[in-house]
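This report refers to the structure that appears directly beneath it.
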Number of protein chains: 2
Amino acid sequence: MKRTSFAKDRCPVARSVEVVGDWWSLLIVRDALAGKKRFGEFQKSLGAAKNILSGRLRKLVADGVLEIVPASDDSAYGEYKLTAKGRGLLLVIAALGQWGGAGSDFRLQDRNGKPVRLELRSEGGRKVSPEDVRLGRSSELR
Amino acid sequence: MKRTSFAKDRCPVARSVEVVGDWWSLLIVRDALAGKKRFGEFQKSLGAAKNILSGRLRKLVADGVLEIVPASDDSAYGEYKLTAKGRGLLLVIAALGQWGGAGSDFRLQDRNGKPVRLELRSEGGRKVSPEDVRLGRSSELR
DNA sequence: CCGTATCCATTCCGATACTG
DNA sequence: CAGTATCGGAATGGATACGG
């Protein structure tokens, strides 16, 4: 009676959910994208118990989202850094932020501080509204 | 010793996670976006036990992601339909799909069947790469 | 076919104490 | 500061049986 795993699922959404489809992982990635690196920073920001934070960080490292780099400054301990794969989650975080963000202070900005938004574009670069988008046939989803 | 809730968190990512930050909810939304409407369809597609599927559906309805509409064809039972808010999750699903989608058959397409992708654009409509995007200052995140 | 109710195993979470 | 160890309670997940 094990928990069903979607790791091998053909649907990429399911595979993603397997990795970041829980509470803490996404918030950890959010903080990492915001520049946090140290165990203590995450703990303070998230308010999670150390044991569970420890477990999540380990899992994220195992999944290739984070990596531990020796140390930037002093400490004998390493820092948690997003891998390229992990940085790819920016799109997911951004989408969640936009969705939950009506009337909030969430912001994405480019290097010059200009606001950035997520958009759907079709091949030629034409903007597409969500109502006009379809997922592939169901058979392609699983 | 209750589970901490992020529903009131100032960060929209956290609030979103509160609603769809679990396994099943996102997959249910995925299926709903793909056109599934009936209890049985979800159950078959997800392989989830009926009790937990029931609970998730109820929660998603309570959160305004799904609604129950009388019936399209025959049955005395209703169908689960995405609300406007729920359809907004397409961006999230799309992001997850793109992220987990290297070499898979996941597709988004517009009405004409042309492929659609998620992109980051700054104000003027200029494309921005993920590496060039920053989240607001940490203080804005929580 | 659409759920609800029950039972049990597992996993998760929070607090705290402890080590280096 | 950065974790590991342990513990109790809560929520989740799976199977199955039952009722509309």
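Proteins come first, then strands; the chains are lettered A, B, ... in the order of their sequence lines, and each starts at number 1. The figures that follow rest on heavy atoms only: side chains count, while hydrogens, waters and symmetry mates do not. For clarity, every value in this text was computed on a predicted model and none was experimentally measured.
- Of the side-chain N and O atoms in A/Trp24, one or more sit less than 4.0 angstrom from OP1 or OP2 of C/dC13.
- Residues that satisfy the salt bridge (charged side-chain N to carboxylate O under 4.0 Å, His left out) test with B/Glu41, not counting sequence neighbours, are absent from this structure.
- Per the geometry, CD1 belonging to B/Ile52 stands 17 Å off P belonging to C/dT10, to the nearest Å.
- Between the NZ atom of B/Lys59 and the P atom of C/dT4 there is a distance of 16 Å, given to the nearest Å.
- Residues A/Val20 and A/Val92 form no side-chain contact, since every pair of their non-hydrogen atoms from C-beta on lies 4.5 Å or further apart.
- The CD1 atom of A/Ile93 sits 10.5 Å away from the CH2 atom of B/Trp99 when rounded to the nearest 0.5 Å.
- Note: CH2 (B/Trp23) to C1' (D/dG13) measures 8 Å, nearest angstrom.
- Spacing between atom CG of A/Leu53 and atom P of C/dT16 amounts to 17 Å, rounded to whole angstrom units.
- By the salt bridge (charged side-chain N to carboxylate O under 4.0 Å, His left out) test, A/Arg126 pairs with B/Asp110, sequence neighbours left out.
- For the pair A/Gln43 CD and C/dC13 P, the computed distance is 15 Å after rounding to whole Å.
- Under the salt bridge (charged side-chain N to carboxylate O under 4.0 Å, His left out) criterion, A/Arg87 pairs with no residue, sequence neighbours left out.
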Please tabulate, one pair per line, each protein N/O and nucleotide N/O from nucleotides 2-4 of chain D that are separated by under 3.5 Å, including the distance.
from  : atom 1 : to      : atom 2 : distance (Å)
D/dA2 : OP1    : A/Arg38 : NE     : 2.7
D/dA2 : OP1    : A/Arg38 : NH2    : 3.1
D/dA2 : OP2    : A/Gly40 : N      : 2.8
D/dG3 : OP2    : A/Tyr80 : OH     : 3.2
D/dG3 : N7     : A/Lys50 : NZ     : 2.9
D/dG3 : O6     : A/Lys50 : NZ     : 2.8
D/dT4 : OP1    : A/Arg58 : NH1    : 3.1
D/dT4 : OP2    : A/Ser54 : OG     : 2.4
D/dT4 : OP2    : A/Arg58 : NH1    : 3.3

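- B/Phe6 has its CZ atom 11 Å from the C1' atom of C/dC13, to the nearest Å.
- Counting only residues at least two apart or in different chains, side chain to side chain donor-acceptor pair (under 3.5 Å) contacts with residues 59-71 of chain A comprise A/Lys59-A/Asp63.
- Annotation: ring-ring contact (aromatic ring centres under 6.0 Å, His included) contacts involving residues 32-54 of chain B, sequence neighbours excluded, are absent.
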Margin query: Output the pairing pattern of DNA chain D as a dot-bracket string, 5' first, Watson-Crick or G-U wobble with both distances under 3.5 Å, | for cross-strand pairs, [ ] for crossing pairs.
Written below: ||||||||||||||||||.|
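- Contacts of A/Lys85 classified as salt bridge (charged side-chain N to carboxylate O under 4.0 Å, His left out), with partners at least two apart in sequence or in another chain: none.
- At D/dG9, none of the side-chain N or O atoms of B/Arg3 fall inside 4.0 Å of OP1 or OP2 (strictly under the cut-off).
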For residues 50-58 of chain B, which side-chain donor-acceptor pairs fall under 3.5 Å, sequence neighbours excluded?
from    : atom 1 : to      : atom 2 : distance (Å)
B/Arg56 : NE     : B/Asp22 : OD2    : 3.3
B/Arg56 : NH1    : B/Asp22 : OD2    : 3.4
B/Arg56 : NH2    : B/Asp22 : OD2    : 3.3

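- For the pair A/Ile28 CD1 and C/dC13 C1', the computed distance is 13 Å after rounding to whole Å.
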